[in-house]
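Note: hydrogens, waters and symmetry copies are ignored here, and every other heavy atom, side chains too, is used.
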Amino acid sequence: MDLVAIFGYVLWPFKWVIEAILVGFHGFWTAIGFDGADGLTWILSILGLVIVVRAALIPLFVRQIKSQRKMLELAPQLKKIQEKYKGKRDQFSREAMSRETMELYRKTGTSPFSSCLPLVAQMPIFFSLFQVLETAQKSPEKGGVGLLTPALATSFGKSNLFGAPLHATIAANEGVALVSLIGIGMVILMTATQFITQLQIMSKNVSPETKASPMYRQQRMLLYVLPLVFIFSGITFPLGVMFYWVFSNLWTMGQQFIVIRNSPTPGSEAAKAREVRLAKKAEQKRLRSGTPDGGAPELVEPQPKVNTQRTQPVGRARSKRTGERRA
């Protein structure tokens, strides 16, 4: 059995799930009036796939944000360990440095690999969508591995956006100039959204102490290097896969903005901005309540009750009789 066949067996369950989600959303859009053979309908179905996949990955995303924050906060302590064994190249020193580093990760409950979890978890989805689109274009008569029937596979394989086939790539645009135009625009969006997503963390959610560490400078450098990967690899992605990647990056950017805004790293610019927002809200609440210091309303001391009922005069004879009864 060759490597391609093994890879196909590994991706089989992912392809089945992807087909089920795509077919489900395609049926929904068709039911409300969209043309089932139109590329826009399939692009909206890919958008639905992104929503389902990314919603399922929210726990991993939150873990990624926390891990990235902890890794940046640990940078000064990691620097101390490196300086402790600086210049020592013997086996004992290297093992001791590795042991102390792993012990630091264990105590803080973090790992340098945790920040890659959402990306790694999406790789099977990414490659599976690539194969589903390729199968729908090259052999639609076979259909998919699940709910993608031959008729739907033919529709998916032949779908296009304004004449640009969704299965086409920039490298092999089949003579359609619009493929290159749309593809270049998608590559720019992929690169820009990836850059902005990382920039949110590096510029707004990092403490001043972390910014002075070597690890921060290394990650800052990767901020400008990693987007180049999309520029060179994007020319081989089908347009349908590019739409998935752009939608996924937009989701990540928005989701990360919400997390950083509501739960920033202490001491970072995002944390300071959150304190300013909370102070403004408290001031507005104080003004609405009408209290001088925003606290509880002033208590008014109750005044003694004055009896305003008029007392009737009593005659001598009546007063005398009343006294006798009491006696």
Legend entry - Cluster overlap Ile258 with Phe247, hydrophobic side-chain contacts below 4.5 Å: no
Legend entry - Closest heavy-atom pair and its distance - Ala164, Val179: CB-CG2, 3.8 Å
Legend entry - Least distance between heavy atoms, Leu178 atom then Leu161 atom: CD2-O, 4.0 Å
Inset, instruction - Following the transitive rule for hydrophobic clusters with a side-chain heavy-atom cut-off under 4.5 Å over Ile, Leu, Val, Met, Phe, Trp and Tyr, establish whether Leu278 and Leu287 coincide in one cluster. - result: no
Legend entry - Student check: side-chain heavy atoms of Leu22 and Leu129 closer than 4.5 Å: yes
Legend entry - Minimal non-hydrogen separation, Arg274 against Arg261, with atom names: CD-O, 3.4 Å
Legend entry - Gap between atom CG of Leu47 and atom CG of Leu250 - 0.5 Å precision: 9.5 Å
Inset, instruction - Report yes if some heavy atom in the side chain of Leu148 is under 4.5 Å from a heavy atom in the side chain of Val23; otherwise report no. - result: yes
Inset, instruction - Compare all side-chain heavy atoms of Phe162 with those of Asn160 and state whether any distance is below 4.5 angstrom. - result: no
Legend entry - Under 3.5 Å donor-acceptor, Glu19 side chain and Val132 backbone: no
Inset, instruction - Verify the neighbour count for atom CZ of Phe257: are there more than 12 heavy atoms of other residues, nucleotides or ligands below 6.0 Å? - result: no
Legend entry - From Ile46 atom CD1 to Leu239 atom CG, the distance as rounded to the nearest 0.5 Å: 9.5 Å
Legend entry - Rounded distance (nearest 0.5 Å) linking atom CZ of Phe130 with atom CZ of Phe237: 8.0 Å
Legend entry - pair Met242-Ile170: side-chain heavy atoms closer than 4.5 Å: yes
Inset, instruction - List for me each residue that meets side chain to side chain donor-acceptor pair (under 3.5 Å) alongside Thr193, sequence neighbours excluded, and say none if there are none. - result: Asn249
Legend entry - Under 3.5 Å donor-acceptor, Ser289 side chain and Arg286 backbone: yes
Inset, instruction - Supply the atom-to-atom distance Lys281 NZ to Arg277 CZ, rounded to the nearest 0.5 angstrom. - result: 7.0 Å
Inset, instruction - Give me the one residue out of Phe25, Phe156, Phe243 that meets ring pair (Phe, Tyr, Trp, His ring centres under 6.0 Å) with Trp42. - result: Phe156
Legend entry - Leu152 side, atom CG; Ser159 side, atom OG - distance, nearest 0.5 Å: 11.0 Å
Inset, instruction - First locate atom CG of Leu11, then atom CD1 of Ile18, and finally report the distance between them rounded to the nearest 0.5 Å. - result: 8.5 Å
Inset, instruction - Answer whether the closest heavy-atom distance between the side chains of Arg54 and Ser248 falls below 4.5 Å. - result: yes
Inset, instruction - State, with a plain yes or no, whether a side-chain heavy atom of Glu134 is found less than 4.5 Å away from one of His167. - result: no
Legend entry - Basic-acidic side-chain contact under 4.0 Å: Lys280, Glu283: no
Legend entry - Minimum side-chain heavy-atom gap Thr236-Thr169 below 4.5 Å: no
Inset, instruction - Taking all non-hydrogen atoms of both residues into account, name the closest pair between His26 and Ser155 and its distance. - result: NE2-OG, 4.5 Å
Inset, instruction - Step by step, work out the side chain to side chain contact (heavy atoms under 4.5 Å, CB included) result for Trp29 and Leu40. - result: CA-CA 10 Å; Trp29 296 119; Leu40 178 61; over 6 Å; no
